[in-house]
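In what follows, every heavy atom counts, from backbone to side chain, and hydrogens, waters and symmetry copies are set aside. Proteins get letters first, then strands, A, B, ... in listed order; numbering begins at 1 in each.
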2 protein chains.
Amino acid sequence: MPKGRKRQNRKRIGRWTAQRLAVLDEFLQGGEHLSARDVYQRLREKEINLGIATVYRSLDFLIEIGLLRQYDFGSGEAKYELNDDEADQHHHMVCRVCGKVINYSKFVKRGLSLVKDIKMELEKNYGFKINSHQFEFRGVCGVCGD
Amino acid sequence: MPKGRKRQNRKRIGRWTAQRLAVLDEFLQGGEHLSARDVYQRLREKEINLGIATVYRSLDFLIEIGLLRQYDFGSGEAKYELNDDEADQHHHMVCRVCGKVINYSKFVKRGLSLVKDIKMELEKNYGFKINSHQFEFRGVCGVCGD
DNA sequence: AAGCTAATGAGAAAGATTATCATTAGCAAT
DNA sequence: ATTGCTAATGATAATCTTTCTCATTAGCTT
Ligand SMILES: [Zn+2]
Ligand SMILES: [Zn+2]
Ligand SMILES: [Zn+2]
Ligand SMILES: [Zn+2]
């Protein structure tokens, strides 16, 4: 996560401004793995013009309240997507040549008990409170291979 | 998220220069989760002065030949470490407050068959050739919590 | 309507990584 | 050892994503 500015501890929830709603809406309308610039440009095409800094701030806000999640797939920019709840969680496979990202959700159920055990172990041995996990596979996609 | 542009494809053959050996040696001597700047500064303290660009190029080279691996733990800079072979692989738990990274290797064996099945499924359904995977847990460490 | 303060916009700044290019050095063949 | 070829290096500029600054706007609350 970028070295964001320090966040105040006991603040109330932020305000639902038109800009934040517009950013969220891009994801609700199906946007997957969008970068800040992606969101910025999509809104621009709809003549909704917000500053790029506001896009970043809105994304941070939406992460803070739990609606979005941030990923780094190695493209040089952070990607964002809706934050599934645990049971529906999906994971990612990334092509290391073209950067294509594929969602998969098979085996999530089968992995759940393993995840639960790891969480317990980590919390017991290291005093961590685990909030989230991600499994990521890297390789070469069919187009880039051969 | 590491800033800067995407890594470009570069040629494959390489020479074992003193600089590349020096960079590798930092990891062989026990360096874990080092950033390019970490490596640069450690070598500097030993009066081995290479340019920061050469550090980056050496890290890329060492990744290319399979000796190193790159991670992004959200600190804003990429981290590098020795590339374990599959059976000894470890995974990471990251504190989202202070950025501390902990290695853990428990449950790796138990996860192996799950990983194998996921790989087969992904290769069959999507035509991917999987090279690596990583499991990452995020949360708050004992120092930062409470 | 007034007052408070969070949020915004524009642009500057920061910071990590990559590109450029003249120079150096590793390697192979002589 | 010398020559010749070419990859690698060093210094630095450029690039790109993300954050900071600060004057202004807008969302709540009273
Ligand atoms: Zn591909
Ligand atoms: Zn996804
Ligand atoms: Zn911590
Ligand atoms: Zn590690």
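- One atom, CD of B:Gln41, and another, P of C:dG15, lie 13 Å apart when rounded to the nearest Å.
- Taking atom CG on B:Leu34 and atom P on C:dA16, their separation rounds to 15 Å, with Å as the unit.
- Distance alone, capped at 3.5 Å, places no donor-acceptor pair between the A:His92 side chain and the A:Asn103 backbone.
- Rounded to whole Å, the distance from OH on A:Tyr80 to P on D:dT17 is 12 Å.
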_side chain to side chain contact (heavy atoms under 4.5 Å, CB included) for A:Val94 and A:Phe137? Distances and angles first, verdict last._
CA-CA 6 Å; A:Val94 182; A:Phe137 286 78; over 6 Å; no
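- In this model, the phosphate group of D:dT18 is approached by a side-chain N or O of A:Tyr56 to a distance below 4.0 Å at OP1 or OP2.
- The side chain of B:Glu77 sits closest to C:dA16 out of C:dA16, D:dT9, D:dT18.
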*asked:* For a ring pair (Phe, Tyr, Trp, His ring centres under 6.0 Å) check, start with the C-alpha distance between A:His91 and B:His133, then their side-chain angles and the critical distance, and finish with the verdict.
replied: CA-CA 11 Å; A:His91 296 288; B:His133 64 275; over 10 Å; no
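- Interatomic distance, A:Glu77 CD to A:Ser35 OG, rounded to the nearest 0.5 Å: 3.5 Å.
- Taking the ring centroids of A:His33 and A:Tyr71, they lie at or beyond the 6.0 Å cut-off.
- Checked against C:dT17, C:dG11, D:dA11, the side chain of A:Ala53 finds its nearest nucleotide in C:dG11.
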Please produce a list of atom pairs where a protein N or O lies less than 3.5 Å from an N or O of nucleotides 28-30 of chain C.
none

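- Among B:Lys79, B:Glu81, B:Arg42, the one residue that satisfies the side-chain contact (heavy atoms from CB on, under 4.5 Å) test with B:Leu34 is B:Arg42.
- The residue B:Asn49 sits close only to the backbone: its heavy atoms come under 4.0 Å of sugar-phosphate atoms, none of a base.
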Quick test: give all pairs of protein nitrogen or oxygen and nucleotides 24-27 of chain D nitrogen or oxygen below 3.5 Å, distance rounded to 0.1 Å.
unit_1: D:dG27; atom_1: N2; unit_2: A:Arg15; atom_2: NH2; d: 3.2

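- In this structure, A:Ile52 reaches neither bases nor backbone, as no heavy-atom distance under 4.0 Å exists between it and the strands shown.
- Between the CD atom of A:Glu64 and the P atom of C:dA7 there is a distance of 10 Å, given to the nearest Å.
- Note that CG of B:Leu24 is 9.5 Å distant from CZ of B:Phe61, once rounded to the nearest 0.5 Å.
- Rounded to 10 degrees, the angle separating the terminal axes of the helix from C:dA1-D:dT30 to C:dT30-D:dA1 is 40°, with each axis obtained from five end pairs.
- Across residues 21-29 of chain B, not one residue has a non-hydrogen atom less than 4.0 Å from an atom of DNA chain C.
- Proximity of a side-chain donor or acceptor of A:Asp60 to a complementary backbone N or O of A:Arg57 within less than 3.5 Å is not detected.
- Sorted by first then second residue, the salt bridge (charged side-chain N to carboxylate O under 4.0 Å, His left out) pairs that include residues 131-141 of chain A, not counting sequence neighbours, are A:Glu136-A:Arg138.
- One atom, CZ of B:Arg37, and another, P of C:dT18, lie 13 Å apart when rounded to the nearest Å.
- Minimum atom distance to the side chain of B:Thr54 is reached by D:dG10, of the listed C:dT18, D:dG10, C:dG9.
- Counting heavy atoms from C-beta on, the side chains of A:Phe135 and A:Val115 come closer than 4.5 Å.
- Cluster partners of A:Val108 are absent, since no Ile, Leu, Val, Met, Phe, Trp or Tyr has side-chain heavy atoms less than 4.5 Å from it.
- Donor-acceptor pairing under 3.5 Å, judged by distance alone, is present between the side chain of B:Arg57 and the base of D:dG10.
- Between B:Leu50 atom CG and D:dG10 atom P there is a gap of 6 Å when expressed in whole angstrom units.
- Counting heavy atoms of neighbouring residues, nucleotides and ligands inside a 6.0 Å radius, atom NZ of A:Lys124 does not exceed 12 of them.
- A salt bridge links A:Glu26 and A:Lys46; the closest N-O separation between the charged side-chain nitrogens and carboxylate oxygens is under 4.0 Å.
- Inter-residue side-chain proximity for B:Arg110 and A:Ser113 is flagged as met; some heavy-atom pair is nearer than 4.5 Å.
- If you measure from atom CG of B:Leu59 to atom P of D:dA8, you get 15 Å, rounded to the nearest angstrom.
- For an aromatic pair to be called close, the ring centres must be under 6.0 Å apart, and B:Tyr126 with B:Phe128 fails this.
- Here the P atom of nucleotide D:dT17 and the OH atom of A:Tyr40 are 13 Å apart, to the nearest Å.
- Comparing C:dT8, D:dT17, D:dA8 by their nearest atom to the side chain of A:Arg20 picks out C:dT8.
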